[in-house]
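In what follows, a structure is listed as structure tokens, so that the remarks can point back to it.
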Amino acid sequence: QVQLVESGGGLVQAGGSLRLSCAASGRTFSAFSMGWFRQAPGKEREFVSAITWTGARTTYADSVQGRFTISRENAKNTLYLQMTGLTPEDTATYYCAAVEFRSFVPMRDRSRYDYWGQGTQVTVSS
């Protein structure tokens, strides 16, 4: 069992930046492959970014490629999502997710993840 707690969301103007954090506890963080997903009102939860357990490989949704950067600090049991060039289309609740599997390929499929945080709201005004 692992507990995930996201933070760092908020209200920002278009073009601004935010850094989300996801603090993990309960198990060895480095044993988990991690991802970020988001869900806007009335829409399905969608993939944003994922990272392998070592942090060596990452992948991004086309909509955020070049604007968002995922990273992790295993020593601090923390996952990050640096978001720049935010647009109103990025408005959503952002969730971090974990699966206890040392994958060498970052995983985009939300069904692969077993643990989810409660989410943090990101609102981008135009």
Side-chain angles (χ1 to χ4, degrees):
Q1 192 84 346
V2 66
Q3 291 76 45
L4 304 172
V5 180
E6 301 96 336
S7 61
L11 175 63
V12 64
Q13 288 189 334
S17 300
L18 283 174
R19 188 176 82 155
L20 306 183
S21 298
C22 172
S25 62
R27 298 289 291 270
T28 303
F29 183 62
S30 62
F32 290 81
S33 297
M34 302 294 295
W36 286 100
F37 293 78
R38 67 187 182 186
Q39 187 168 18
K43 295 188 176 181
E44 290 192 359
R45 192 169 298 188
E46 66 174 4
F47 169 76
V48 175
S49 183
I51 190 168
T52 54
W53 66 284
T54 63
R57 294 186 66 182
T58 59
T59 186
Y60 298 91
D62 289 346
S63 59
V64 307
Q65 180 76 48
R67 300 187 298 121
F68 291 10
T69 303
I70 190 172
S71 62
R72 64 189 295 164
E73 286 191 74
N74 286 347
K76 293 186 177 181
N77 296 337
T78 305
L79 175 74
Y80 303 100
L81 185 69
Q82 179 68 50
M83 305 186 294
T84 63
L86 286 162
T87 74
E89 289 68 38
D90 295 314
T91 295
T93 301
Y94 284 71
Y95 298 90
C96 69
V99 56
E100 192 170 8
F101 178 59
R102 287 191 166 105
S103 175
F104 289 95
V105 178
M107 293 182 286
R108 304 169 68 97
D109 184 352
R110 69 182 186 188
S111 69
R112 298 294 304 273
Y113 292 88
D114 298 318
Y115 302 99
W116 296 82
Q118 83 290 347
T120 187
Q121 178 67 37
V122 172
T123 302
V124 185
S125 63
S126 58

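Remember, it's a predicted structure, so these values are computed and weren't measured experimentally.
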Pairwise side-chain contact, Glu73 with Tyr80, heavy-atom cut-off 4.5 Å (strictly under) = yes

For Pro106 and Ile51 the tightest heavy-atom approach is CB-N, 4.0 Å

Nearest non-hydrogen partners of Pro88 and Ser125, listed with the distance | CG-C, 4.5 Å

Polar side-chain atom of Thr28 near backbone of Ser30 as donor-acceptor pair, under 3.5 Å | no

Would you check if Val99 and Ser33 make a side-chain contact, meaning some heavy-atom pair closer than 4.5 Å?
-> yes

Plane angle bin for Phe68 and Tyr94 - parallel if under 30°, tilted between 30 and 60°, otherwise perpendicular = tilted

Test item: Arg72 side-chain N/O and Thr52 main-chain N/O as donor-acceptor pair under 3.5 Å = yes

Of the non-hydrogen atoms in Phe32 and Arg27, which two are nearest, and what is the gap between them?
-> CE1-CB, 3.6 Å

Find out if a path of hydrophobic residues (ILVMFWY) with successive side-chain heavy-atom gaps under 4.5 Å connects Leu4 to Trp36.
-> yes

Give the intermediate values and the outcome of side chain to side chain contact (heavy atoms under 4.5 Å, CB included) for residues Arg67 and Tyr60.
-> CA-CA 10 Å; Arg67 300 187 298 121; Tyr60 298 91; over 6 Å; no

hydrophobic_cluster_shared for Val64 and Tyr95, side chain cutoff 4.5 Å | no

For Thr78 and Lys76 the tightest heavy-atom approach is OG1-O, 2.7 Å

Can Val122 be reached from Phe37 by stepping across I, L, V, M, F, W or Y side chains whose heavy atoms are under 4.5 Å apart?
-> no

Is there side-chain contact between Arg45 and Trp116, with at least one heavy-atom pair below 4.5 Å?
-> yes

Mind checking whether Phe47 and Thr59 have side chains closer than 4.5 Å, heavy atoms only?
-> yes

Could you go step by step and tell me if Trp53 and Phe29 meet the side chain to side chain contact (heavy atoms under 4.5 Å, CB included) rule?
-> CA-CA 8 Å; Trp53 66 284; Phe29 183 62; over 6 Å; no

Heavy-atom donor-acceptor pair, Thr91 side chain to Val124 backbone, under 3.5 Å | yes

Test applied, side-chain hydrogen bond (donor to acceptor under 3.5 Å, both in side chains); reference residue, Arg38; option that passes from Asp90, Thr93, Thr120 | Asp90

Quick one: does Tyr115's side chain get under 4.5 Å of Gln1's, heavy atoms only?
-> yes

Are Tyr113 and Phe101 grouped together when hydrophobic residues (ILVMFWY) are joined by side-chain heavy atoms under 4.5 angstrom apart?
-> yes

Validation: residues 8-21 side-chain donor-acceptor distances under 3.5 Å, sequence neighbours left out:
none

Would you indicate whether Arg102, at its atom CZ, is surrounded by more than 12 heavy atoms from other residues, nucleotides or ligands within a distance under 6.0 Å?
-> yes

Measure the CG-CE distance between Asn74 and Met34 for me, rounded to the nearest 0.5 Å.
-> 9.5 Å

Identify the heavy atoms of Arg108 and Ala61 that sit nearest to each other, and give their distance.
-> NH2-CA, 4.0 Å

Expected output: side-chain Glu6 to main-chain Gln118 donor-acceptor under 3.5 Å | yes

